[in-house]
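Below, read A as the first sequence line, B as the second, and so on, with proteins coming before strands; counting in each chain starts at 1. Keep in mind it's a predicted model, so treat the numbers as computed, not measured.
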Number of protein chains: 2
Amino acid sequence: MIESTVTLLAMRGLQATAFSDVLAHSGAPRGSIYHHFPEGKEQLVDAALELAGERALRVLDTVAGQPPKAVTAHFLDVWREVLKRSGLRAGCAVLAVTVAADSPDLLDHAASIFRAWRRRLAELYVTAGMAEADAIRLATTLVAASEGAVVVSRAERSLEPFELVAQELLAATP
Amino acid sequence: MIESTVTLLAMRGLQATAFSDVLAHSGAPRGSIYHHFPEGKEQLVDAALELAGERALRVLDTVAGQPPKAVTAHFLDVWREVLKRSGLRAGCAVLAVTVAADSPDLLDHAASIFRAWRRRLAELYVTAGMAEADAIRLATTLVAASEGAVVVSRAERSLEPFELVAQELLAATP
DNA sequence: GTCTATACGAAGATAGAC
DNA sequence: GTCTATCTTCGTATAGAC
């Protein structure tokens, strides 16, 4: 169910993701929702954010110790795959929640995930020899530009915008 | 009403922006909605997208003929103002619609606006002496990174991420 | 043009049986 | 644990009076 929620958030946004959609997509039994998530939708979305955030962090572990360009390229690969596998219909669940967040708690959670991504990327850049200030600036730009590129490519239903941004980000990585 | 819709889309997203909110925010009379927008919400949102798109284009007219760095700086200024004036609570209406779009028509409209922004920025860069390929790549990155930076800064409720991205984008502009 | 009242459907949440 | 039924709220949209 959490897995399905991540997917649906990324494809349709927060309000458009109803329990019925999650059940249909996951095949989970109808009566299970409030058993596993007694606090309702907010708890389910919260769990989905956690999963999406952690998964991206784990992907980054595989490039620890590699040069900056490899780090940048790998982070870009994650988003390129999201776009490709969904036929350019999916985006980022964390962004979707940020844009439509009704509760301060969900917004805070989304913020902590963005921060974690930025921090982890900056760490990897520093490990690869970059200066601290350059690392955090590039890491933040990578996160922001990737998120934006996914949105634009999704709207235009073309990978072209994403690839242009990817080129620019790789060029900006020492 | 259209003006209020742009603001509310940028702050709460598509589904969370109800007619009642638009009426309360704009002070428009209740009976006017289906008089002015017989096709309902989709037509209202469509008009809001058009307004947001055109306004950004018009802002860019003021930097026609100036050097690339001035173009980049001015586009960034637009988004910095959106963040500041809203107390870091507002984002981009076009992005909000893209993420939560239920109708293909709205998605197409959002796409055409992103494309128009990219094209106009690229034109300005070319006029300022940049090569065509560099111009379109930088223009696309500027749009994507700005959009993403606004999202991240809004989530974290801090202008810091935006400013880091702004620095990087200015540095990437010849 | 703008008003009120209302139909209609969708979604989150709860209760109680099995 | 999971099911079904139901309650409540809310948002879009329509109808008809003024």
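Under a cut-off of 6.0 angstrom, the local environment of CD in A/Q66 is crowded, with over 12 non-hydrogen atoms contributed by other residues, nucleotides or ligands.
B/E42 has its CD atom 13 Å from the P atom of D/dT12, to the nearest Å. Whole-Å rounding puts the B/R12 CZ to D/dC10 P distance at 14 Å. Going from atom CG of B/L23 over to atom C1' of C/dT4 covers 14 Å, rounded to whole Å. Distance, A/H36 NE2 to D/dG1 P: 7 Å, rounded to whole Å. Between the CZ atom of A/F19 and the C1' atom of D/dT2 there is a distance of 16 Å, rounded to whole Å. Atom-to-atom, NE2 of B/H35 to P of C/dT2 comes out at 7 Å; the value is rounded to the nearest Å. Atom pair A/Q15:CD and C/dG9:C1' shows a separation of 18 Å (rounding to whole Å applied). Regarding B/K41, its NZ atom lies at a distance of 15 Å from the C1' atom of C/dG9, rounded to whole Å.
Ranking C/dT4, C/dA11, D/dT4 by closeness to the B/R30 side chain, first place goes to C/dT4. Side-chain atoms of B/P29 lie closest to C/dT2 of the nucleotides C/dT2, C/dT14, D/dC3.
Nearest-nucleotide mapping onto DNA chain C: of A/S20 and A/P38, the residue sitting toward the 5' end is A/S20.
Inspection of the B/E50 and B/H109 side chains reveals an N or O donor paired with an N or O acceptor under 3.5 Å.
Contact annotation: A/S32 does not reach the phosphate of D/dG1 (side-chain N/O to OP1 or OP2, under 4.0 Å).
Applying side-chain contact (heavy atoms from CB on, under 4.5 Å) to B/V71 and the options B/T127, B/L121, B/L138 leaves one that passes, B/L121.
Legend: residues meeting side chain to side chain contact (heavy atoms under 4.5 Å, CB included) with A/K69, ordered by chain and number and at least two apart, are A/T173.
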